[in-house]
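Written below as structure tokens is the structure these notes are about.
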Amino acid sequence: MAPHERITALRRELHEHNRRYYVTDSPSISDAEFDRLLRELQDLEALHPEYFDANSPTQRVGGGIIKHFEQVAHRRPMLSLANTYSFDELDEFVRRAEELASVPNLEWSAELKFDGVAISLWYENGELIRALTRGDGEVGDDVVVNVRTIRELPLYLPDEAPRDLEVRGEIVFLHDDFERMNARRREQGLEPFANPRNAASGTLKMQDSAEVGLRRLSMFAYAAFSADQPLETHSGALDALARWGFPVPPRAQRWAQKCTSSDELKDFLTFWDAERQHLPVATDGAVLKVDRVEEQQRLGFTAKAPRWAIAYKFNAEQACTVLREVVYQVGRTGAVTPVAVLDPVWLSGTQVQRASVHNADQIAKLDLHLGDWVWVEKGGEIIPKITAVDLGRRPIGAPTVVFAADCPDCGTPLERQNGEAQHFCPNAEHCPPQIKGRIEHFIHRRAMDVDGIGIETVDRLVDLGWVRTPADLYDLGAAGWARLDKFKEKSVANALASLEASRSIPYERVLFALGIRHVGETVAKKLAKAFTHMDRLAAASMDDLIAVPDVGPQIAVSIASWMCDPEHQRELSRLKAHGLQMEKAASAGGASAVLEGQTFVVSGVFTHFSRDGIKDAVEQHGGRIASSVSSKTNYLLAGEGVGPSKRAKAEALGVKWLTEEEFRAWIGSTD
Ligand code: IVH
């Protein structure tokens, strides 16, 4: 047999054994035999790299290192769902849906809501080609390399499945896999993950797919879309998905159920509220969906969520345990957060030892005493919170918790401004966690993206007193880095190269990286647009600042006072001397004036840009954006699914169409 034929046969055979093992639970060969076949395939593939296939069964173990995930626009937006915690609201939702759909007794499909990370899988010609995270709902990251390691997922679809298919679902850690992974982490001296959802989200974004393969993610599919084979009901779609080899919530175990009344829906919810703790996977509620697709379409969507589905959330689980101590954490802005240290207790499948108490008011309100039995509850946050004290169990003589007077790290007396709930350490320039926090923020991926310097390195540099501000990082130079203990040649080169690369990070991200209080990514973008040069921002009056969209008095004061500080002015000029981008035009990443004088109307969905992203690109290259087509429009920049009225108007006025590819060629962006 020619090698190519053998490779194809092995791949087909191994996919089938994989399906039998993981999906239908009916293996027909031994593990040893499977491993032998897999090894044979691996050897053949190594000999014949020309037959590489990203969806080969050998790719299940991962192996590739991904530097950056490609950002891809969703074919249909990934929406969230309206939430409810109450049966009354549920009744009202059902009633309204029946009224709007003009159907007296809608059929519903109820299913568990898995607490993980949403994913959208694209199959083209029966083959898995993309796996997009939700992202902002419009554009997600393609993490397909990591998703291929999920053994339960088909990489190829069986022949009866539609050739083009989008499957949506939730990526999760099963409790067992989560525990196993955390045990492994503890053995390796690594910090265990706080909960399965965060672990799933972190794992999906990992650059090392081999590690992802070891950790063993799982997925449950909960929606399918196909142009070739329209699906009439949601329950039918789940059945079809199961036939095509996808893991779906099993109806036999009541993870999904058809219901025809509010009462049946409530039975389902009551059952799972009590039973969910025995599930092998975390769930935070159930999703109730109108079953017939035609009725779903009749109900449609609000701006944010479908009118035909709702998430019913179970009340958070609670647990009672003993408060041992309150410690204080100092953030990069100097804000001091009290954290309760507890006797370990199990809550929603994870062991909890710390809880947040927000601030001094909360401590007073709860009247916390050391040794108290406290109720902890997990909300949407990672750290659970203390919700109440069991006063009947307070030990005699238990001391009241008194909020710290001094900073736990630098000893400076804490301050609390009038009207503010938080305490602050005012020693911004010398308090180590604040210094470290600011530098960590500065080098963060979304800020200056200095990935050649790790958090531990920042800690060491600050502890040694070599670095106090971001500019110090640039001052170190090759000789400085080389003096750092255990920092080998390669590390020095990485640190220097990533600092060098940060010099071309756009101005708006530099602005964000400075860590000015209340200046997040969005505000930084708006500021950069309004003040195209750092000097202009530094000179802006309060009125100028407040005129910027999204900037209110609080943000304006924060910016103005940051800019007034001589130490900050010095820092800015040092950063400027180090070549960081301090103005918009030079920083727009390939900006030009090639679109000067042209007016564009944007419509539809794009592959390489989000809707806002493509508008920004037009403006960065000197073009103008209009919201509706008129005789002044030069081009209709058309993505997939252009609105019918825009299309008609453009045709009537003879406005030229411009495809995304033509546009990209025009602005010279063809990577
Ligand atoms: S259906 C448009 N079904 O819950 C309706 N979502 O806010 C799409 N989720 O992040 C959602 N389990 O990823 C649906 N059985 C389930 C689900 C589920 C978990 C997640 C979903 C989304 C969130 C909805």
Side-chain angles (χ1 to χ4, degrees), residues 74-85 89-90 93 97 108-121 131-141 143 147 150 152-153 166-174 195-198 200-201 204 217-225 231 233-242 246-251 253-259 265 268-269 271-273 276 279-293 295-314 348 379-380:
H74 288 292
R75 290 191 173 143
R76 38 187 79 70
M78 278 188 103
L79 299 173
S80 58
L81 288 176
N83 278 338
T84 179
Y85 289 85
E89 277 178 23
L90 171 66
F93 176 80
W108 295 88
S109 180
E111 70 204 33
L112 292 177
K113 182 172 186 299
F114 303 100
D115 195 9
V117 186
I119 197 85
S120 162
L121 309 177
L132 306 186
T133 59
R134 180 173 189 278
D136 61 3
E138 304 244 353
V139 178
D141 286 334
V143 292
V147 167
I150 301 178
E152 295 87 339
L153 275 185
E166 180 182 350
V167 176
R168 289 197 178 168
E170 199 82 353
I171 302 236
V172 293
F173 267 112
L174 302 182
N195 65 46
R197 172 161 44 91
N198 282 61
S201 147
L204 211 48
L217 290 164
S218 295
M219 179 184 140
F220 292 100
Y222 57 65
F225 308 91
L231 298 153
T233 60
H234 173 70
S235 50
L238 289 188
D239 292 343
L241 283 173
F246 290 89
V248 296
R251 217 175 291 158
Q253 273 104 345
R254 215 179 162 186
W255 289 30
Q257 183 184 318
K258 283 225 264 185
C259 298
L265 289 170
F268 179 85
L269 298 171
F271 175 78
W272 281 116
D273 199 358
R276 66 184 147 132
L279 283 166
V281 60
T283 162
D284 55 347
V287 185
L288 315 174
K289 309 171 184 177
V290 168
D291 198 37
R292 294 194 67 78
V293 172
E295 284 157 3
Q296 291 180 357
Q297 283 165 351
R298 220 177 307 152
L299 287 162
F301 296 83
T302 68
K304 285 201 224 121
R307 285 202 193 84
W308 46 265
I310 195 166
Y312 179 90
K313 295 273 196 87
F314 299 129
S348 318

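We number each residue from 1, following the sequence as shown. Quantities reported herein were computed from a predicted structural model and do not represent experimental measurements. Just so you know, ligand 1 is whichever comes first in the structure, and atom 1 is the first atom listed for that ligand.
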Discussion item. I want to know if ligand 1 touches W308 in the polar sense, i.e. an N/O pair below 3.5 angstrom.
Written reply: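 So ligand 1 has no N or O lying under 3.5 Å from an N or O of W308.
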Worksheet item: ligand 1 and E170, any nitrogen or oxygen pair closer than 3.5 angstrom?
Response: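 Yes, E170 has an N/O under 3.5 Å of an N/O on ligand 1.
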Worksheet item: Would you say K289 contacts ligand 1, with heavy atoms under 4.0 Å as the rule?
Response: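 A heavy atom of K289 does come that close to ligand 1.
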Item to complete: Using non-hydrogen atoms of the residue, decide whether A223 is closer than 4.0 angstrom to ligand 1.
Response: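 The answer is no: ligand 1 sits nowhere under 4.0 Å from a heavy atom of A223.
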Fill in: E111 side, atom CD; C259 side, atom SG - distance, nearest 0.5 Å
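Answer rounded to 0.5 Å: 11.0 Å.
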Discussion item. Can you tell me how far apart OG1 (T133) and CD1 (I171) are? Round to the nearest 0.5 Å.
Written reply: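 Output value for this atom pair is 10.0 Å.
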Quick one: does [X]'s side chain get under 4.5 Å of [Y]'s, heavy atoms only?
{"X": "F314", "Y": "D284", "value": "no"}
{"X": "F225", "Y": "R75", "value": "no"}
{"X": "V167", "Y": "L153", "value": "no"}

May I ask you to identify the nearest protein heavy atom to [atom], giving residue, atom name and distance to one decimal place in Å?
{"atom": "atom 7 (O) of ligand 1", "answer": "L81 N, 3.1 Å"}
{"atom": "atom 10 (O) of ligand 1", "answer": "A118 CB, 4.0 Å"}
{"atom": "atom 12 (N) of ligand 1", "answer": "F114 N, 3.0 Å"}
{"atom": "atom 18 (C) of ligand 1", "answer": "Y222 CE2, 3.4 Å"}

Practice prompt. Look at the aromatic rings of W255 and F220 and report parallel, tilted or perpendicular, splitting at 30° and 60°.
Written response: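 Ring orientation, 0 to 90° scale: tilted.
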Test of understanding: given a 4.0 Å heavy-atom threshold, classify the contact between [X] and ligand 1 as side chain, backbone, both, or neither.
{"X": "K113", "result": "both"}
{"X": "P306", "result": "side chain"}
{"X": "L112", "result": "backbone"}
{"X": "V287", "result": "side chain"}

Item to complete: Could you list the atoms of ligand 1 found under 4.0 angstrom from a heavy atom of E111?
Response: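 Listed by number with element: 3 (N), 15 (N), 16 (C).
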Discussion item. Under a 3.5 Å distance rule, please check whether Q296 uses its side chain to pair with a backbone N or O of W308 as donor and acceptor.
Written reply: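 Such a contact is absent between Q296 side chain and W308 backbone.
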Discussion item. Can a donor-acceptor pair be found, under 3.5 Å and without considering hydrogens, that links the side chain of R197 to the backbone of D115?
Written reply: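 Not a single qualifying donor-acceptor pair exists.
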Fill in: Trace of the side-chain contact (heavy atoms from CB on, under 4.5 Å) decision for D291 with W108
CA-CA 5 Å; D291 198 37; W108 295 88; over 6 Å; no
